[in-house]
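Structure first, commentary second.
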Protein chains: 2
Amino acid sequence: MEFGEYLRKRREELKREDPQFSVRRVAGRIGVEPSYLSKIERSLQPPPSEQTTRALAEVLDEDADFLLALAGKVSSDLAEIIRSRPRLFADLLRQLKDMPDHAVLRVVREVRDGEW
Amino acid sequence: MEFGEYLRKRREELKREDPQFSVRRVAGRIGVEPSYLSKIERSLQPPPSEQTTRALAEVLDEDADFLLALAGKVSSDLAEIIRSRPRLFADLLRQLKDMPDHAVLRVVREVRDGEW
DNA sequence: CATGATGTGTACTGTATACTACACACTACA
DNA sequence: TGTAGTGTGTAGTATACAGTACACATCATG
């Protein structure tokens, strides 16, 4: 699903329970013009900046990394991590690229549990 | 060290052994104007596009991921990997962010050697 | 039935990105 | 001494990014 399409679906869903989730109100809360948000939701504009996407994620109670991915972006803190040790993390990611989720999760878990 | 500074150092180093590595010749090989490359090397221009940075890496026999990192960028194939499973890889990277190289390398090695 | 809120269309803006084009002064060397 | 090559300065360009500003028609309701 596209970014705009997803956004509209999610916002409409929340709006059914709470009229606060109108285009205008949400636009107000994230600090952009209503017409701009409207266009984004209908894919007449490309996804907004990382900052605005993060604000949207917060308001719509969505995961920021997920929403940024839909927007075709990668969180700048992740980019920063990679840039700090590019060869190391590049190798790691290319290695894990096609591994099933559970295998990757195992790495996360083992590292977190300090088995190193 | 900055991108431009590094570039110049590396090119000059190669030039000492081979006059092919003049600003003009290198610019020609990577497909940009000499004055543009000159300005980049003196940090009068920001680092070039990913494509041009890759071409530079090839000509200067440098690691592309390393050079892209110096340029403040992340390889688009890595961004693509993250975007394919954003929450998974975001967790992974934030978890490994402060781990020493050898710990991460151990993961890379074990995955490569098929112990999964 | 007036009033407030809603979604959207049109037009425009400022800044950044990623360069090109060309002229110029200098150097090497045949 | 002229000619080929070198590095660099100035000026300009096309495209993308990230929006704003405002008017308009529609809808709901008190």
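Chain identifiers are assigned alphabetically (A, B, ...) following the order of the sequence lines, protein sequences preceding nucleic acid strands; residue numbering begins at 1 within each chain.
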Could you check how far [atom1] of [X] sits from [atom2] of [N], rounded to whole Å?
X: F3(B); N: dT17(C); atom1: CZ; atom2: C1'; result: 15 Å
X: L68(A); N: dA18(D); atom1: CG; atom2: P; result: 12 Å
X: E41(A); N: dT6(C); atom1: CD; atom2: P; result: 14 Å
X: L44(B); N: dA18(C); atom1: CG; atom2: P; result: 17 Å
X: L37(A); N: dG19(D); atom1: CG; atom2: P; result: 11 Å
X: Y36(B); N: dA18(C); atom1: OH; atom2: P; result: 7 Å
X: K15(A); N: dC27(D); atom1: NZ; atom2: P; result: 13 Å
X: I40(A); N: dC17(D); atom1: CD1; atom2: C1'; result: 12 Å

Of all the nucleotides listed ([options]), which has the minimum atom distance to the side chain of [X]?
X: E33(A); options: dC22(D), dT6(D), dA18(D); result: dC22(D)
X: S38(B); options: dT8(D), dC19(C), dT20(D); result: dT8(D)
X: S49(A); options: dG9(D), dG19(D), dG7(C); result: dG19(D)
X: Q45(B); options: dC19(C), dT20(C), dT8(D); result: dC19(C)

Side-chain donor/acceptor of R29(A) to backbone N/O of F21(A), under 3.5 Å:
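Not a single qualifying donor-acceptor pair exists.
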Between R42(A) and S38(A) (side chain of the first, backbone of the second, donor and acceptor by atom type, cut-off under 3.5 Å), is there such a pair?
yes
For a quick check of understanding: with a heavy-atom distance under 4.0 Å over all strands, which category does [X] fall into, base, sugar-phosphate or nothing?
X: P46(B); result: nothing
X: G28(B); result: nothing
X: S35(A); result: base

Indicate yes or no: does E50(B) engage R54(B) in a salt bridge with an N to O separation below 4.0 Å.
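Yes, this pair counts.
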Side chain to side chain donor-acceptor pair (under 3.5 Å) partner of D65(A), chosen from R87(B), R94(B), R83(B)
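Checked R87(B), R94(B), R83(B) against D65(A); only one passes side chain to side chain donor-acceptor pair (under 3.5 Å): R94(B).
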Is the F89(A)-F89(B) ring centre distance short of 6.0 angstrom?
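Centroid separation for F89(A) and F89(B): 6.0 Å or greater.
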Quick check on DNA chain D: between K39(B) and S22(B), whose nearest nucleotide comes earlier from the 5' end?
S22(B)
Can you see if the side chain of [X] gets near the phosphate of [N] - specifically, an N or O under 4.0 Å from OP1 or OP2?
X: K73(A); N: dA18(D); result: yes
X: R25(B); N: dT6(D); result: yes
X: R24(B); N: dT27(C); result: no

T52(B) or E12(A), whichever maps to the more 5' nucleotide of DNA chain C:
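This one resolves to E12(A).
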